[in-house]
Structure formats: C-alpha cells, structure tokens
Number of protein chains: 2
Amino acid sequence: MEIRIGELAQRTGCEVVTIRYYEKEGLLPEPARSSGNYRLYGEEQVKRMQFIRHCRSLDMSLGEIRTLLNLWDSPTQDCGKVNALLDDHIRQVEARVEALLQLRLHLTALREKCAGARPVEACGILQGLVNCSCHTVSTRDEASAGV
Amino acid sequence: MEIRIGELAQRTGCEVVTIRYYEKEGLLPEPARSSGNYRLYGEEQVKRMQFIRHCRSLDMSLGEIRTLLNLWDSPTQDCGKVNALLDDHIRQVEARVEALLQLRLHLTALREKCAGARPVEACGILQGLVNCSCHTVSTRDEASAGV
DNA sequence: AAAATCCCTATAGTGGCTATAGGGTCAAGC
DNA sequence: GCTTGACCCTATAGCCACTATAGGGATTTT
C-alpha cells in the first residue's frame with residue numbers, strides 16, 4: 001500500500017502543504033519517493049499522521065506532539081511522561097477557560113453601558129473603554145487549531 | 001506635558017517596541033519629535049494608548065480596535081456599530097469557551113485511560129490518540145493577548 | 001570625559017499554517 | 001504524438017501581535 005501525499009491529506013483531513021510542513025518540522029520522517037520524485041507513504045505514516053491530527057484537534061502544540069511522538073518512538077519507556085504532559089495540557093485549557101470567562105464578564109458589563117443609537121461621543125461603551133482602569137490579564141493561547 | 005516613549009510605555013503597561021508597532025500599524029498617529037529625533041507624546045496620545053491597551057486586555061484584535069478608533073475619531077456617527085462590534089466579540093469569546101469546554105471533556109476522558117507507570121507501548125493514552133476517530137473542531141483563536 | 005540610560009531604524013523570528021509563483025509528472029483522450 | 005488536466009515538486013512570502021537582535025545616536029549622570 002503506497003499512497004501519495006494527496007490521498008494522505010484526504011485520509012487525515014488536512015491540506016497537502018500541512019503534511020509537507022510537518023515533515024519540515026520533523027514530526028514526519030522523510031518518506032520514500034517515486035521515480036518522479038513524488039512522496040510515497042505507507043500504513044505507518046498514515047497512523048502517525050492520524051496521531052498528529054488527533055493531538056492537534058485536542059489543541060496540543062506541535063512541540064507537545066513532538067514530545068509524545070518521541071515517547072511513541074521509544075516504546076519501552078515509562079509512560080509517566082505522557083500522563084504528565086496531558087495533565088499539563090488540561091491545566092492550560094482550564095486556565096484559558098477561566099480567563100475567557102472573566103473576559104466575558106467584563107465584556108458584558110461594558111456592553112450594558114450602551115443600549116441605544118446615540119452619537120459616538122456619548123456612547124457609554126467607548127467612554128468605558130477610555131476610563132476603565134482594570135487591566136485583566138488574559139493568558140496567552142498561542143497553540144490553537146481547527147481540524 | 002510632553003513625555004517620551006519610555007514613559008508612555010510605563011504608563012500604559014506595555015513595551016516601547018509595542019508603541020512603535022502600533023504607530024506603524026496606523027493605530028497611533030505619528031507623534032511630534034524632539035530636536036534629537038525622540039518621539040514626544042501628549043495627553044491625547046496617552047488616552048489613545050490606554051484605549052488600545054484596554055481593548056487588547058479584552059482580547060480584541062488590532063483590526064477591531066482600528067474600527068473602534070475610527071468611530072472614536074468621528075464622534076458624530078451613530079454608535080450602533082460600536083454595539084455591534086462588541087456583540088460580535090462577545091459571541092466569539094463565548095464560542096471559544098464552548099470549544100474549550102468540549103476539548104476539556106475529551107482530554108479528561110483520554111487522561112482516564114492511563115493511571116499507571118506502564119511502558120509507553122501499553123499506555124492507554126497513546127493508544128487512544130492513535131485509534132480515536134473523533135475529529136472535534138476547535139475554533140481558531142488568533143487574537144489573544146496578555147496585558 | 002566617560003559611563004549609563006535612554007532612544008532611533010531596520011530586520012528577523014515566533015506558531016501553525018495559507019497562499020503564491022513557477023515549474024515537473026503522469027494518465028486519459030484525440 | 002500531442003494536448004489537457006489533475007496531481008505533484010520546491011521555494012518564498014504572508015498572517016497576527018508582538019519579541020528579539022544588531023548597530024548605532026542622544027541625553028543624563030557620575
């Protein structure tokens with residue numbers, strides 16, 4: 001079973017360029033090539049791609065995924081690190097949810113300051129945005145993805 | 001009252017380079033310059049920066065902020081657009097929270113598949129990551145910031 | 001006068017892709 | 001054999017909101 005990059009993309013629900021990007025980033029090994037220099041993939045790589053895509057759908061960064069793949073590639077190791085990584089990731093997600101809920105409170109409070117169709121200079125929202133002194137800290141969330 | 005970029009940064013809780021970046025992006029007008037070519041800011045710009053930073057702390061993108069600043073600069077306009085932008089932003093935040101809560105469910109379910117210190121090849125989590133066929137769609141969240 | 005602190009411009013890097021330019025390969029149909 | 005079209009290749013630039021770096025000049029303090 002040898003498939004080309006287009007079929008791998010189709011099977012794993014991503015773009016062709018994304019696969020090449022993962023290869024460049026070292027998440028996928030360099031594949032075999034056809035006589036015409038096309039990338040050729042086997043069952044192994046399909047599994048690996050599914051693994052990566054599933055991790056991405058769980059919002060893991062490529063760095064986190066790289067760590068998991070390294071463990072995956074040395075199967076006799078203790079899986080405690082897998083658990084730790086996942087726990088850490090869950091905590092990140094929870095922190096992000098907390099931050100966003102705080103944010104929503106601020107936004108809805110702000111929104112209530114203007115209900116009508118006044119001229120902008122009288123709009124309570126813009127006034128609120130200038131004068132409010134609260135500086136909430138929302139956690140950074142750099143590794144998000146859609147699948 | 002004429003302050004230099006360092007003090008403006010201090011007063012608005014951001015880096016000097018960030019202010020220059022906002023200027024380059026057209027959110028701040030080009031300021032006056034001292035004889036030694038230093039940027040000089042007045043009360044007006046401090047307010048404008050506070051506005052921008054507060055919007056950022058509410059996770060608005062620079063594009064959204066640009067829109068608000070344009071309204072801000074033409075104060076006789078109807079403020080309905082301000083309300084609409086904020087409503088839209090609130091919806092974005094709510095959607096992101098929803099997506100993250102779904103994510104957390106998946107992550108905790110996955111986490112329960114392994115409790116111990118087994119070799120990686122027997123780890124339920126990695127198995128779950130390979131075999132699970134669910135492909136949840138998490139919304140993209142490109143405009144996040146910390147203040 | 002020297003050192004420390006501020007400021008300047010310009011450029012490259014971050015993550016996880018997406019988009020574009022400019023080509024090569026291969027199977028099917030005429 | 002020749003064209004069409006679908007697929008593939010590499011290399012490069014762009015997205016966002018910064019951050020970091022290099023290499024210098026201005027001002028203030030010692």
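Throughout, protein chains are lettered first and strands after them, A, B, ... in sequence-line order, and every chain is numbered starting at 1. Side-chain atoms are counted along with the backbone in the values below, which use heavy atoms only and exclude waters and symmetry mates.
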N/O (side chain, [X]) to phosphate O (OP1/OP2, [N]) under 4.0 Å:
X	N	value
A:Arg39	D:dC8	no
A:Ser34	D:dC9	no
B:Thr18	D:dA17	no
B:Arg56	D:dC18	yes
B:Tyr22	D:dC18	yes
A:Arg20	C:dT18	no
A:Ser35	C:dC26	yes

Proximity to the side chain of [X] - top-ranked nucleotide from [options]:
X	options	answer
B:Arg33	C:dC8, D:dT19, D:dC8	C:dC8
A:Leu62	D:dC7, C:dC17, C:dC7	C:dC17
A:Val17	C:dT18, D:dC9, D:dT27	C:dT18
B:Tyr38	D:dT10, D:dC7, C:dC6	C:dC6

Separation of atom [atom1] in [X] from atom [atom2] in [N], rounded to whole Å:
X	N	atom1	atom2	answer
B:Tyr41	C:dC7	OH	P	10 Å
B:Glu2	C:dC7	CD	P	14 Å
A:Glu25	C:dC17	CD	P	10 Å
A:Arg53	C:dC17	CZ	P	5 Å
A:Ile65	C:dG15	CD1	C1'	12 Å
A:Leu40	D:dC9	CG	P	9 Å
A:Met49	C:dC17	CE	C1'	12 Å
B:Asp59	D:dA17	CG	C1'	12 Å

In this structure, are over 12 heavy atoms from other groups packed under 6.0 Å from B:Gln10 atom CD?
no

Check the pair A:Arg4 / A:Arg39 against side chain to side chain contact (heavy atoms under 4.5 Å, CB included), numbers first and verdict last.
CA-CA 6 Å; A:Arg4 288 181 309 193; A:Arg39 287 172 179 80; over 6 Å; no

Under a plain distance cut-off of 3.5 Å, with no hydrogens placed, do B:Tyr22 and B:Arg53 share a side-chain donor-acceptor pair?
yes

Is A:Arg11 salt-bridged to A:Glu7, going by a charged N under 4.0 Å from an acidic O?
yes

With nearest nucleotides of DNA chain D determined for B:Gly36 and B:Gly63 from heavy-atom distances, which residue corresponds to the more 5′ nucleotide?
B:Gly63

Please report the shortest heavy-atom distance between A:Arg56 and A:Met60, naming the atom on each side.
NH1-O, 2.5 Å

Do you know the tightest heavy-atom contact between B:Ser57 and A:Leu103?
O-CD1, 3.4 Å

Both B:Lys24 and B:Ile5 contact DNA chain C. Taking the nearest nucleotide for each, which residue is further toward the 5' end?
B:Ile5

Is there, by distance only and without an angle test, a donor paired with an acceptor across the side chain of A:Tyr21 and the base of C:dG15 below 3.5 Å?
no

